[in-house]
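Right, one structure below, let's go through it.
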Protein chains: 2
Amino acid sequence: MLADIEKAEVFRVLPPDRVDRLRPLLRECPFERRRVLYFEGAEASRLWIVQQGQIRLYKSSARAQITTLDVLGPGEVFGALAPLEQATYSTSAEAISDGRAWWLPRETFLKLLGGDPAVAVEILRIVSRRLIDAQERLRSFAYDPAPARLAQALLQVSTDGKATVTRRALAEAAGTTVETAIRVLRRFAHDGLVVGAVGKIDILDRDALEQIASGE
Amino acid sequence: MLADIEKAEVFRVLPPDRVDRLRPLLRECPFERRRVLYFEGAEASRLWIVQQGQIRLYKSSARAQITTLDVLGPGEVFGALAPLEQATYSTSAEAISDGRAWWLPRETFLKLLGGDPAVAVEILRIVSRRLIDAQERLRSFAYDPAPARLAQALLQVSTDGKATVTRRALAEAAGTTVETAIRVLRRFAHDGLVVGAVGKIDILDRDALEQIASGE
DNA sequence: CCCCGGATATGATCGAGAGCATACCCGACC
DNA sequence: GGTCGGGTATGCTCTCGATCATATCCGGGG
């Protein structure tokens with residue numbers, strides 16, 4: 001839970017008085033698990049900031065194939081980040097837990113961007129980091145086998161050795177199928193690397209997983 | 001060939017006098033085909049701008065597996081784009097033709113960024129677009145079969161129905177092997193979609209290729 | 001002129017993983 | 001208590017594409 005937007009990654013850089021002027025412009029929006037905040041292709045009218053809970057950004061193809069691109073937690077921004085002409089969301093956004101978000105109109109955000117280099121540089125920093133991540137995942141998707149990608153996804157979502165995540169969610173983050181995710185995780189469990197339960201995986205041997213994640 | 005940097009995507013937004021002050025800070029650097037401008041992981045000390053020729057950004061894994069992430073032409077920027085603390089290049093950059101580039105020191109660029117919202121917003125626009133592309137490619141790599149990815153790569157690099165590209169280069173852009181690229185392109189040729197030569201592919205049926213690229 | 005490296009081409013093999021079917025478990029809800 | 005849906009589990013099959021091997025063509029350099 002994030003008490004205030006002054007802690008959010010976008011607005012950290014602003015002096016307190018600037019944040020104060022911003023506060024009345026923000027709307028709050030509670031969301032429940034599975035709620036889709038927006039779909040890919042819709043008009044990108046809002047910049048969102050997670051206050052509480054988690055949001056995943058994903059893309060879907062034909063035949064219900066889904067790729068999870070990013071999972072965001074409190075303080076992280078998403079939505080109408082790009083100052084591009086064609087203002088449509090490039091991904092869909094779905095809540096993976098109950099929570100709460102702020103949003104502000106794209107226009108307001110763009111004005112903010114153009115008015116203050118600090119904000120623009122901060123957003124650039126955020127987007128750059130995501131680009132670098134995406135490029136690394138691209139390399140991984142091109143050449144790493146499914147177990148490596150699953151190990152990466154698992155390490156990614158785990159916080160201190162524990163991951164609350166279904167096999168399906170892992171599969172969608174790793175670009176594979178539920179069946180493969182289940183089989184690979186069973187093998188990990190058999191080899192003593194993890195212990196699995198329903199919707200939950202505990203990591204026993206992080207080093208070994210990292211080994212596998214980096215391609216043996 | 002780009003006559004002047006005022007046409008480059010980064011500096012388009014600057015008024016002429018700002019560009020004039022910038023000009024003395026730029027260095028020129030000629031490069032020949034296959035020259036590597038920098039390697040992934042090296043200190044990101046320069047922002048580069050293509051003046052003439054083409055540069056590809058790529059990542060390599062173990063066993064000489066290479067993924068081409070982007071191909072840049074005149075006016076496009078690359079290199080130390082991200083205002084992050086750990087200033088290392090996140091990809092390698094190699095010339096795929098003879099050409100020429102400008103560069104300016106990362107510090108100079110960062111000062112420029114912080115000093116002018118217009119520049120920061122422009123860079124943000126560029127990086128955002130690349131992020132959106134990378135995300136779409138990620139989806140594609142996760143689920144599209146090799147022929148679809150190859151068709152995409154071919155359409156990407158072709159300029160009005162003609163592509164000057166080797167099978168290997170296409171394979172590296174599509175995340176597959178040379179052999180597969182060759183076989184798939186042969187099939188395309190057999191089906192009358194393209195005609196191939198050494199280092200060159202002409203598109204005959206763009207619609208059909210787009211059909212295949214989007215997953216049949 | 002010969003040699004070498006890179007590009008294209010093609011055959012043979014083989015395995016990872018997708019796809020499909022089925023089954024079990026369990027919590028939610030009627 | 002019964003039903004239903006989602007998550008996990010497992011077997012079987014089959015295809016795509018990676019891998020390995022080999023061959024041809026061609027341009028450039030000694």
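Per chain, numbering begins at 1; letters A, B, ... match sequence-line order.
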Closer than 4.0 angstrom, basic N to acidic O: yes or no for [X] and [Y]?
X        : Y        : result
B/Glu94  : B/Arg35  : no
A/Glu136 : A/Arg129 : no
A/Glu6   : A/Arg12  : no
A/Arg183 : A/Glu179 : no
B/Glu85  : A/Arg125 : yes
B/Arg106 : B/Glu43  : no

| query | With sugar-phosphate meaning primed atoms plus P, OP1 and OP2, does A/Gly196 contact a base, only sugar-phosphate, or nothing at under 4.0 Å between heavy atoms? | reply | nothing
| query | Which part of the nucleic acid, if any, lies within contact of B/Arg149, taking any heavy atom under 4.0 Å across all strands shown: a base, the sugar-phosphate backbone alone, or nothing? | reply | nothing
| Rounded to whole angstrom units, what separation is found between the NZ atom of B/Lys200 and the P atom of D/dG27? |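 That distance rounds to 14 Å.
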| request: Measure the distance from CZ on B/Arg34 to C1' on D/dG28 and round it to the nearest whole Å. | output: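 About 13 Å, once rounded to whole Å.
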| query | Within the side chain of B/Asp202, is there an N or O that forms a donor-acceptor pair under 3.5 Å with the backbone of B/Val195? | reply | no
| request: Considering only heavy atoms of chain A and a distance under 4.0 Å, specify the first and last nucleotide of DNA chain C in 5' to 3' order that meet this criterion. | output: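 The protein-touched segment is C/dG17 to C/dC20.
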| task | May I ask you to check if A/Arg149 and A/Phe141 form a cation-pi contact, with NZ or CZ under 6.0 angstrom from the six-membered ring centre and within 45° of the axis? | result |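 Cation-pi check for A/Arg149 and A/Phe141: passes.
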| task | Mind listing the residues from residues 171-194 of chain A sitting with a heavy atom below 4.0 Å of DNA chain C? Number order is fine. | result | A/Thr176, A/Thr177, A/Glu179, A/Thr180, A/Arg183
| said: Side-chain N or O of A/Arg167 versus OP1/OP2 of D/dT8: is the shortest distance under 4.0 Å? | reply: yes
